[in-house]
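In listed order, ligands and their atoms are each counted from 1. Computed from heavy atoms alone, side chains included, the values below leave out hydrogens, waters and symmetry copies.
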Amino acid sequence: MTDTERAIRLMARCDALAVFSDEPGRITRAYGTPALREAQEAVAGWMREAGMDVRRDAVGNLIGRYEGEQPEAPAFLIGGHLDSVRDAGRYDGILGVLAGVAVVERLHAAERRLPFVVEVVAFADEEGLRFHSTYLGSRALAGTLDEETLSLTDDNGVTFGEAIQNFGGDPAAIESARRDPAEFLGFVEPHIEQGPNLEERDLPVGVVDAIVGGSRAEITVEGEAGHAGTVSMARRRDALCAAAELVLAIEGVGRSDPAMVATVGQFEVAPGASNVIPGEVRLTLDLRHPADEPRLRAENQLRELVAEIGARRGVLATWHEVQGYVSTRCDPGLTDRLAAAVSTCGVEPHRLPSGAGHDAVALADLLPVAMLFVRCAGGISHNPAESVDVADVAVACNVLDALVGDLVQSC
Ligand code: HGY
Ligand code: MN
Ligand code: MN
């Protein structure tokens, strides 16, 4: 199979997985849903065809294992995630999983065994769409899931622990999903860039040097519902107006630092009738910055703004912390190897930070991590218009082949 044929097949598989969705007419694949299960079954089939043993761990991560020459050899991990945001594109997370399968397929076709194992992982929840807390799959591998996380609830009041059970996992055996760092040589996560830098430099791939840190919070504003026709403006405790002022204040903080981004992605108004003054609003905050100190300073500034706006408007504005994760440097040694592999494939190894979060963040304390970015058109992502080019996917797979080859040389 030529490099181009391999890339074409990989893209066709992205299309095949795109039909598995929780919502008709668009791609939405949350943790523990039938759509995620169907996507896992399809990937498991491709993993088996590539000569891998396939299993699901205690939280439902799908893991393919291509044995090495020696039993009990350490493993090199390649992967991504199969879950998605709402109305997603078809490459975010998926590309990493299928690129890992493509590398193993080529080894299997050549009947090659390496001095180490290659494992391909498809994490079951990176986006946090259902439980609003990200990296649930990779945190299980890292052993950093705790009881509190298991009791997170989705919008229907189902806990993460119950969802694990319903998905065929075992919440009581979470500890068993934790992997020993000694089992691994490292982890590389191929992923679409989700930004414009590679396209601006006309590069097919890039090497990630750091992944930004982030803060996720939920803010509730409780005012007083009332009759739109009989309550004077002076007597209102309008939750929506207070929340709207807060949204613009969040935007202002985001704009205050060119490296900062601040997003309100969800905004729910209750009771939600045109002739009722809104009594309650729930909104989400996603705050990111390459450096932790400015992000935490901005977070404190916003906490104070929530309190100030609430007091001034006579509403109860409450900050609920969901998750904070520090900015993460990719492993210098493995990243240098990845950059060398990019050079081997005839591409300038441009290094760049990731504004998006990735499972590599959750694994960085467990094992050396590196990330390979693939150019995506217009940098568009978390959007059905997400797209990549076959030739760039071919380059990415070749870079992974070269990285694996380099690791073989160093064994
Ligand atoms: O939100 C992110 O950066 C990633 O897509 N989970
Ligand atoms: Mn994403
Ligand atoms: Mn992703």
Side-chain angles (χ1 to χ4, degrees), residues 14 17-18 21-22 26-31 36 39 43 61-62 78-100 120-139 142 187-198 206 208 210-218 254 259-266 284-290 295 322-328 330 352-364 369-376 379-388 396:
C14 291
L17 293 179
S21 176
D22 308 335
R26 59 187 199 174
I27 301 172
T28 302
R29 220 171 17 248
Y31 175 81
L36 186 68
V43 172
N61 294 316
L62 185 71
I78 308 173
H81 58 91
L82 285 185
D83 69 304
S84 77
V85 293
R86 182 161 288 119
D87 198 10
R90 61 190 59 201
Y91 303 106
D92 175 358
I94 310 297
L95 199 67
V97 176
L98 296 182
V120 179
V121 61
F123 292 114
D125 185 300
E126 186 276 342
E127 299 288 3
L129 174 63
R130 183 170 173 187
F131 296 99
H132 314 302
S133 185
T134 191
Y135 310 144
L136 294 179
S138 41
R139 282 163 59 192
F187 170 60
V188 66
E189 183 173 4
H191 201 288
I192 53 172
E193 181 201 341
Q194 301 176 302
N197 300 287
L198 294 178
V208 177
I211 303 163
V212 296
S215 308
R216 285 190 177 197
E218 205 168 86
M260 182 98 68
V261 283
T263 310
V264 174
Q266 290 176 274
T284 58
L285 168 69
D286 180 313
L287 183 70
R288 305 191 198 194
H289 193 292
R295 169 174 59 86
V322 174
Q323 189 177 17
Y325 40 90
V326 295
S327 58
T328 301
C330 291
L352 69 166
S354 172
H358 298 286
D359 287 305
V361 168
L363 295 180
V369 301
M371 283 198 74
L372 179 69
F373 268 174
V374 182
R375 169 170 47 188
C376 59
I380 296 170
S381 183
H382 285 189
N383 179 318
E386 202 173 83
S387 77
V388 292

His382: its N/O/S atom lying closest to the Mn ion (ligand 2) (atom name): NE2
Answer yes or no: does an N/O atom from Gln194 fall short of 3.5 Å to an N/O atom of ligand 1? no
Treating Glu193 as the side-chain partner and Gly379 as the backbone partner, does any N or O pair qualify as donor plus acceptor under 3.5 Å? no
Is Glu127 close enough to the Mn ion (ligand 2) that one of its N, O or S atoms comes in under 2.8 Å? yes
Ligand 1 to Ala356, heavy atom cutoff 4.0 Å, flagged ligand atoms 3 (O)
Could you check whether the rings of His191 and His81 sit parallel, tilted or perpendicular, using 30° and 60° as the cut-offs? tilted
Mark yes or no for whether Asn61, through its side chain, and Ala124, through its backbone, hold a donor-acceptor pair below 3.5 Å. yes
Could you tell me which atoms of ligand 1, counted from 1 in the order shown, lie closer than 4.0 angstrom to a heavy atom of Glu126? 4 (C), 6 (N)
Atom of Asp92 nearest the Mn ion (ligand 3) (restricted to N/O/S, atom name only): OD1
Atoms of ligand 1 under 4.0 Å from any heavy atom of Glu127, numbered from 1 in the order shown, are 4 (C), 5 (O), 6 (N)
Tell me, which protein residue and heavy-atom name are nearest atom 1 (O) of ligand 1, and how many Å apart are they? Arg288 NH2, 2.7 Å
Is a side-chain donor-acceptor pair under 3.5 Å present for Ser21 with Arg29? no
Quick check on contacts: which atoms of ligand 1 are under 4.0 angstrom from a heavy atom of His382? 5 (O)
Assess His81: does it contribute an N, O or S atom lying under 2.8 Å from the Mn ion (ligand 2)? no
Under a plain distance cut-off of 3.5 Å, with no hydrogens placed, do Thr284 and Glu218 share a side-chain donor-acceptor pair? no
Considering the heavy atoms of Arg216, write down every atom of ligand 1 situated less than 4.0 Å from one of them. 1 (O)
Would you say the side chains of Ser138 and Asp359 form a donor-acceptor pair under 3.5 Å? yes
Is it the case that the ring center of Phe123 lies less than 6.0 angstrom away from the ring center of Tyr135? no
What I want to check is whether the side chains of Arg288 and Ser327 have a donor and an acceptor closer together than 3.5 Å. no
